[in-house]
Every structure is written in C-alpha cells, then in structure tokens.
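What follows is a set of notes on a single structure, which appears directly below.
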2 protein chains.
Amino acid sequence: MPKQTFFHLPKEKQGTIIQAAKSEFSRVALHEASIANIIKEADIPRGSFYQYFDDKEDLYYYLLHQIADENNDRFIAFLQEKNGDIFETLLDLFQYMIQNHGNEEHKSFVKNAFLNMNYKMENILANDIYQENKRSQYIKMISLINTTNLNVKDEQELHHIFKIIMAVTFQNLIQAFVMDLTEEEAVTSYNEQMELLKRGVGKKENSANEFS
Amino acid sequence: MPKQTFFHLPKEKQGTIIQAAKSEFSRVALHEASIANIIKEADIPRGSFYQYFDDKEDLYYYLLHQIADENNDRFIAFLQEKNGDIFETLLDLFQYMIQNHGNEEHKSFVKNAFLNMNYKMENILANDIYQENKRSQYIKMISLINTTNLNVKDEQELHHIFKIIMAVTFQNLIQAFVMDLTEEEAVTSYNEQMELLKRGVGKKENSANEFS
DNA sequence: TTGACTAGTGACACAGTGTCACATATAATA
DNA sequence: TATTATATGTGACACTGTGTCACTAGTCAA
C-alpha cells in the first residue's frame with residue numbers, strides 16, 4: 001500500500017505518477033518494469049519514489065487492486081442488472097474485459113496483469129488491507145446470484161459452482177489475451193463451455209452419443 | 001533450451017548443476033532466484049553457466065518442462081490404467097500431485113512453479129521446441145479419453161470439456177499449494193466440483209431446489 | 001608439433017535497487 | 001518576525017546481480 005506521503009500529494013501529481021506507472025506496466029511485465037522509467041516519465045527524483053512507495057511491487061499491486069475493485073463493482077452491477085443470472089452476467093463481463101475500450105494501454109496493462117497473475121500470488125492472497133474488502137465483495141456476489149436457474153442444493157454447492165465458473169472464465173480470459181483471440185472466437189468458445197457447464201458433462205442414462 | 005555444451009558434459013556434472021538449480025528454484029520463486037547461488041552450489045564459474053544456458057529462465061524452463069513432461073506421461077499412463085475415465089484419472093493425478101513423495105524440495109519447486117505459472121506465459125506457450133511434443137501429447141490424451149461415460153456430441157465438445165476440467169483442476173491445485181490445504185480438504189473439494197461438472201449446474205425442468 | 005576447435009574462467013562494465021545525509025518547504029509557536 | 005518542529009524533496013552512492021569478453025586450457029586430427 002502506498003505511504004501516506006503519496007496520498008498527501010496534490011491529486012494532479014498523484015495522477016502523473018499513476019499514469020507513468022501504468023504506462024511502464026503496460027509496456028512490460030512486472031519483473032521487467034523499471035523504477036527508473038517510471039520516475040523519468042513522471043519527472044520525480046528517485047528518492048521521492050521511495051517516499052511514496054515501498055518498492056515497485058507496492059505501486060503495482062495498488063494499481064492492480066484498483067482495477068480488480070473496479071471489475072468487482074462492475075460484476076456486482078451487472079449481476080443486479082441481470083437479476084442475478086450468473087451466466088448472463090459473466091458473459092457480459094467476459095465480453096467487456098476482452099474489449100478494448102479505445103485504450104490500448106489499459107488493455108496491455110490488464111494483459112500483463114494476467115501474465116503476472118501468479119507472480120506473487122501470496123501477495124494477492126495475503127492478509128492485507130484489501131482482504132476484508134475482498135471477502136465482503138465475495139459474499140455480496142454470492143448473495144446476489146439467482147439460484148432459481150441453478151441446480152444447487154446448498155450453499156456449499158453454490159460456492160463450488162462459483163469457483164468452477166470463475167476458473168473457466170479466467171482460463172478463457174487468459175487464453176484470449178495471450179493467444180490474441182478475436183472477440184468473436186473468444187466469446188463463442190466461452191459460451192459453448194458455459195453451456196456445457198449448465199448441461200453437465202456426465203453421461204445421462206438413456207441418452208446416446210452420436211460421437212464416441 | 002540449454003546449449004549443446006551442457007549436454008556434452010558428463011552426466012554427473014549435469015546432475016550437480018540440475019540439483020543446484022532445483023535447490024535454488026525451490027527456495028524462492030523464479031524472479032528471486034539468483035545465478036550466483038546456483039553456480040556457488042554447483043561449484044562452477046560464472047562464465048561456464050553462460051556456456052551452458054542462455055540465462056536463468058533457460059535453465060528454469062528446461063527443468064519445468066521436464067517435470068511437465070513427466071506429469072504428462074503419468075497422465076497418459078493413468079488414463080490407460082483407468083480405461084480412459086478422465087474423472088478417475090484426474091482425481092488420481094490430483095492426489096498424486098499434492099502428495100509429498102517424501103521430497104520437500106520437489107514439492108517446493110512445484111509450488112513455486114505454480115506461483116510463477118504465468119510469469120512468462122508467452123515463454124511456455126511459445127512456439128519453441130517443446131511445442132510439437134506438447135501438441136502430440138495433447139492429441140494422445142484426447143484420443144485416450146473414454147467418451148462412453150461422457151455426454152459429448154462431437155470432438156469440439158470434447159476439447160471444451162477437457163479445457164473445463166483442466167481449468168478446474170489447475171485452480172484446485174493452485175489453491176491447495178498456495179493455501180496449504182491438507183490433502184483431504186483439497187481432494188474433497190475437488191471431488192465435489194467434479195461431481196458438479198458431471199451433473200451440470202443448470203436447473204433441470206421438473207426438479208426443485210431445497211435451497212434457493 | 002602445429003593448428004583448429006571446444007570448453008573453462010573470472011574480472012569487469014553495466015543496469016537497477018534502496019538508502020542516507022542533506023536541502024527545502026510548511027506550519028505552529030514564542 | 002524569528003524559531004522550531006515536522007514533513008517532504010533530492011540525488012549521489014553503495015550494493016547486488018547480470019551478461020560479456022579476452023584469455024587460458026584442454027583435445028584431437030593432420
């Protein structure tokens with residue numbers, strides 16, 4: 001978490017630094033990003049950087065959590081809009097995330113974030129100040145899910161289902177970013193997988209496969 | 001890929017270097033590992049290291065691919081043993097992977113590998129010499145899957161199902177490693193998710209939820 | 001014995017990090 | 001206004017780690 005000094009800065013200066021950092025982190029992955037580039041672009045001395053942040057990671061995870069929070073908010077908003085339908089919500093969110101929004105830099109940042117996702121997963125899962133926030137957001141999401149369309153017998157199962165769906169969603173996002181799939185390719189494939197999740201992949205008794 | 005020079009080395013010296021590298025990579029994640037530690041433990045001069053490998057990553061991914069290949073072979077062997085039942089196979093493999101095998105170092109290496117999984121995903125997905133090998137292994141796996149127990153109508157769906165199952169498996173592996181779950185916790189949760197995958201999470205018409 | 005090739009070696013230039021002593025600004029108090 | 005305290009700004013510097021290169025040392029064939 002950035003130090004208080006950073007938050008005492010005029011908003012404009014904060015913005016300049018954030019902008020420089022985003023630019024650097026969208027240029028290359030975390031482990032290749034250099035503080036030198038950030039301070040050069042933000043035009044602040046090296047010493048100042050360390051007045052504001054512990055290190056490169058501190059700044060990076062601050063930005064990452066901001067974006068994650070935005071997406072969580074968006075998730076919750078979509079979920080409300082779609083009356084709790086998790087599939088419709090995630091399809092929209094998936095589509096939203098792989099779209100460009102006319103900002104190549106933001107997309108690069110997010111792509112690099114996925115590439116770094118496990119770079120220091122302890123850091124993300126760590127019991128830091130974000131943790132409580134994350135937990136309550138998770139509970140909110142779960143509570144908003146409309147279970148009338150889901151074949152779910154208890155809350156435990158709902159957690160499992162959420163986990164499954166998120167795993168598949170993430171994998172598809174990563175693939176879309178890393179393999180540079182077109183939006184259509186990505187969405188079609190994602191959609192088909194979601195249908196399989198709904199239907200189930202185990203053989204039903206009296207049904208025969210065309211293919212086997 | 002290590003340079004030819006490395007492969008010309010006597011097996012024993014190769015082993016010493018590999019051992020030193022595994023030790024370092026199990027101590028810390030890739031981005032924190034240092035060549036200095038590896039050459040110190042292997043007792044070779046710095047210049048020699050660069051005769052054998054391009055850099056730290058070169059050595060690291062070589063080891064990682066070795067382990068991945070071993071696991072792929074194990075996957076295929078299990079699949080044959082279980083008459084192509086993908087669920088039984090993966091449950092066994094899952095259990096196998098989170099077990100210790102009396103080698104704390106190997107487990108640390110694998111854990112760090114998961115933490116670094118996306119560190120440089122391009123590297124892993126890159127069209128390198130492993131690619132062809134991987135592709136053919138994938139095809140072999142798919143061909144071994146017994147579809148009589150799966151509700152699958154064409155090959156496209158089989159690919160999707162494989163992808164889904166692997167996504168969920170990986171997520172559970174990562175979680176087990178990072179959150180230090182006991183084997184029982186991990187396997188129980190994984191198992192329950194697999195059952196949901198088989199059954200499907202979408203609501204069947206005439207069935208009612210206890211919970212909603 | 002010479003030449004050609006392959007491998008071994010460690011000093012070194014270079015790049016990047018985090019720190020620290022000092023400089024400067026701001027605000028509160030006498 | 002002068003004084004003091006506190007917060008912030010600054011860049012030179014020590015330190016760590018990387019990759020290179022000129023040189024050395026083997027090996028083998030002519």
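Labels below follow one simple rule: chain letters A, B, ... track the order of the sequence lines, proteins then strands, and each chain is numbered from 1. What you see below is based on every heavy atom in this structure, not just the backbone, and it leaves out hydrogens, waters and symmetry mates. Bear in mind the structure is a predicted one, so any value in this text is a computation, not a measurement.
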Within the pair A:Lys40 and C:dG16, is there a side-chain N or O less than 4.0 Å away from OP1 or OP2?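 For C:dG16, OP1/OP2 do not have a side-chain N/O of A:Lys40 under 4.0 Å.
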Between A:His8 and D:dT8, is there a contact of a side-chain N or O with OP1 or OP2 at under 4.0 Å?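 Result: yes.
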Whole-Å distance between [N] [atom2] and [X] [atom1]?
X	N	atom1	atom2	answer
A:Tyr52	D:dT10	OH	C1'	10 Å
A:Gln14	D:dT8	CD	P	12 Å
A:Leu9	C:dA25	CG	C1'	14 Å
B:Phe7	C:dA7	CZ	C1'	16 Å

Can you tell which of A:Asn149, A:Leu91, A:Ile145 makes a side-chain contact (heavy atoms from CB on, under 4.5 Å) with A:Ile86?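 That would be A:Ile145; it is the only one of A:Asn149, A:Leu91, A:Ile145 passing the side-chain contact (heavy atoms from CB on, under 4.5 Å) with A:Ile86.
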For atom NZ of A:Lys3, is the number of surrounding heavy atoms from other residues, nucleotides or ligands below 6.0 Å larger than 12?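 Enclosed: over 12 neighbouring heavy atoms sit under 6.0 Å from NZ of A:Lys3.
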So if I define the base as every atom that isn't primed, P, OP1 or OP2, how would nucleotides 11-22 of chain D read as a B/S/- string at a heavy-atom cutoff under 4.0 Å? B------BBB--
Would A:Ser189 and A:Gln193 count as having a side-chain donor-acceptor pair, cut-off 3.5 Å?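 Present: a donor and an acceptor within the cut-off.
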Is it true that the side chains of B:Gln156 and A:Glu192 contain a donor and an acceptor less than 3.5 Å apart?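 Looking only at side-chain atoms, A:Glu192 and B:Gln156 do form a donor-acceptor pair, the distance falling under 3.5 Å.
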Report the relative orientation of the aromatic rings in B:Phe6 and B:Tyr62; use parallel for angles under 30°, tilted for 30 to 60°, perpendicular for over 60°.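 Perpendicular.
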Counting the atoms with a prime plus P, OP1 and OP2 as sugar-phosphate, which does B:Ile39 contact under 4.0 Å by heavy atoms, base, sugar-phosphate, or nothing?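 Answer is nothing: B:Ile39 stays at 4.0 Å or more from every strand.
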Checking all strands, does A:Lys3 fall into the base, sugar-phosphate, or nothing category for heavy-atom contacts under 4.0 angstrom?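 Touches nothing.
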Exercise: identify the closest heavy-atom pair between B:His159 and B:Ile142: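 In terms of heavy atoms, the two residues are closest at ND1-CD1, 4.1 Å.
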